[in-house]
Amino acid sequence: MRLDFTNVDLKNINNYEEKAMDAFKTLIDGSGEGNDFLGWIDRPNNYDKEEFERIKKTAAKIQSDSEVLVSVGIGGSYLGIKATEFALDKYFNSDRKVKIVYAGNNISGEYMADLLDYLKDKDFSVNVISKSGTTTEPAIAFRFLKEALEEKYGKEEAKGRIYATTDKNKGALKDLASSEGYQTFVVPDDIGGRFSVISAVGLLPLAASGINIDEFIAGFAEGREIYTKEDFENEAIKYAAVRNMLYEDDKDIEVFVNYEPKLQYIAEWWKQLFGESEGKDGKGIFPVSINNSTDLHSLGQMIQDGRRNLFETVIEIENAKKDIEIKETADNLDGLNFLAGKTMNYVNKQAMEGTTIAHVGGNVPNIRIILDEVSAKSIGKLYYFFEIAVGVSGYMLGVNPFNQPGVEEYKAQMFKLLGKPGY
Ligand code: PA5
């Protein structure tokens, strides 16, 4: 994995070096705000080995008795799982050992009714994930799923099909799990939701689906080796510095761009990471994403010609798992014989290069992140890169990157409308 800043004007970047290096030191020595949430930094090397083995055993059990695992969670208890398993699956004819479906990431009654209907003739288990153990969306979803499991298997067997991932000691989910006797996994105190995919939050459902979690962790560990180096050539620090430089030049929207549909949920994970970490105190770069070439036919116009307040971060994959050659036809009725002998990925790459030239020409600076391949390891490394980058970037911006006070506001208003006692 490497970054390419060729399409950003770096003439002022040296003005940001000192600030970036100070922010990096603040992050690594744990002297900044939010320093009680830095457990993710060393986690790739000091994770709980006993729990890791238990996760593997549990995953094997789920594979042996379930066709479907319902992963119940929202925000950091959902996005990393979805992003990783979607990126690593085939587009069609999934090769997952257990199909993962999601609940608790919305409050749609129609979605829940359809899900319960879908589960009726399936053997399934449930992994309910909530660090706080009190989040409304997963709590409501779990109430329905627990009932469905108990109806299908009886209370005793249902218990053996419910796995709770939550705080070690507190929260409604922890209390429920203890009183019902569910197997539990821990979301560490010092790892915030959006950084938690490396914990049991991500590892259990990913392992159950058949993803190699040793490789996934190895990717994080490789990221730690590289991106915790105190050096301005460290690309996580550089990315943070470039973002802040662009922000001060009124580029306050960052568009995360992919040309491979399987990366679309990595963009969603990235949006939570950067949005919740930086959007506070009236500041922050607004993170958005597009999936190309699809969105070149919708948002492409805005990016090319709209208000000049954005920059792009493009993910390029060097080695796709598969490719397919375009053949010549005798009649050339569609006029595409000029592409004969070329592959679709080649055409996709030219779309990326052409779009980059057009957007950069339209005053949209363009950062490129080049991934060798999409694998459990490369995704782990990419996540770690972004996590270090957001810590540095947030401190450069002057915010606490590890809290999310604004998330509470909607809850208070919603609970008031719902008549929750105390609101
Ligand atoms: O990053 C965060 O902390 C939040 O967005 C949480 O991930 C989200 O609110 C879910 O919280 P919990 O895991 O406590 O249910």
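As the structure lists them, so they are numbered: ligands from 1, and atoms in each ligand from 1. Residue numbers count from 1 along this sequence.
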Please confirm whether the ring centroid of Phe274 lies under 6.0 Å from the ring centroid of Trp270. yes
Ligand 1 atoms in contact with Gln404 (distance to a heavy atom under 4.0 Å): 3 (O)
Is the closest heavy-atom distance from Gln272 to ligand 1 below 4.0 Å? yes
Do the ring centers of Phe220 and Trp40 come within less than 6.0 Å of each other? no
Hey, what do you get for CZ (Phe385) to CZ (Arg2), rounding to the nearest 0.5 Å? 13.0 Å
Do we see a donor-acceptor contact under 3.5 Å between the side chains of Ser393 and Asn244? yes
Distance-only donor-acceptor check, side chains Ser196 and Ser199, under 3.5 Å: no
If you have a sec, work out which protein heavy atom is nearest atom 6 (C) of ligand 1 and how many Å separate them, to one decimal? Gly76 N, 3.9 Å
What protein heavy atom sits nearest atom 10 (C) of ligand 1, and how far away is it? Ile74 O, 3.2 Å
State if Val407 counts as touching ligand 1 under the rule of any non-hydrogen atom under 4.0 Å. no
Looking only at N/O atoms, are Lys411 and ligand 1 under 3.5 Å apart anywhere? no
Honestly, is Arg224 close enough over Tyr384, meaning NZ or CZ under 6.0 Å from the six-membered ring centre and within 45° of the axis? no
Looking only at protein heavy atoms, what sits closest to atom 1 (O) of ligand 1 is Glu276 OE1, 2.7 Å
Note the single closest protein heavy atom to atom 11 (O) of ligand 1, along with its residue, its atom name and the distance in Å. Thr135 OG1, 3.5 Å
Can you see whether Phe92 has Lys90 sitting over its ring - NZ or CZ less than 6.0 Å from the centre and within 45° of the normal? no
Within 4.0 Å of some non-hydrogen atom of Ser132, the atoms of ligand 1 are 12 (P), 14 (O), 15 (O)
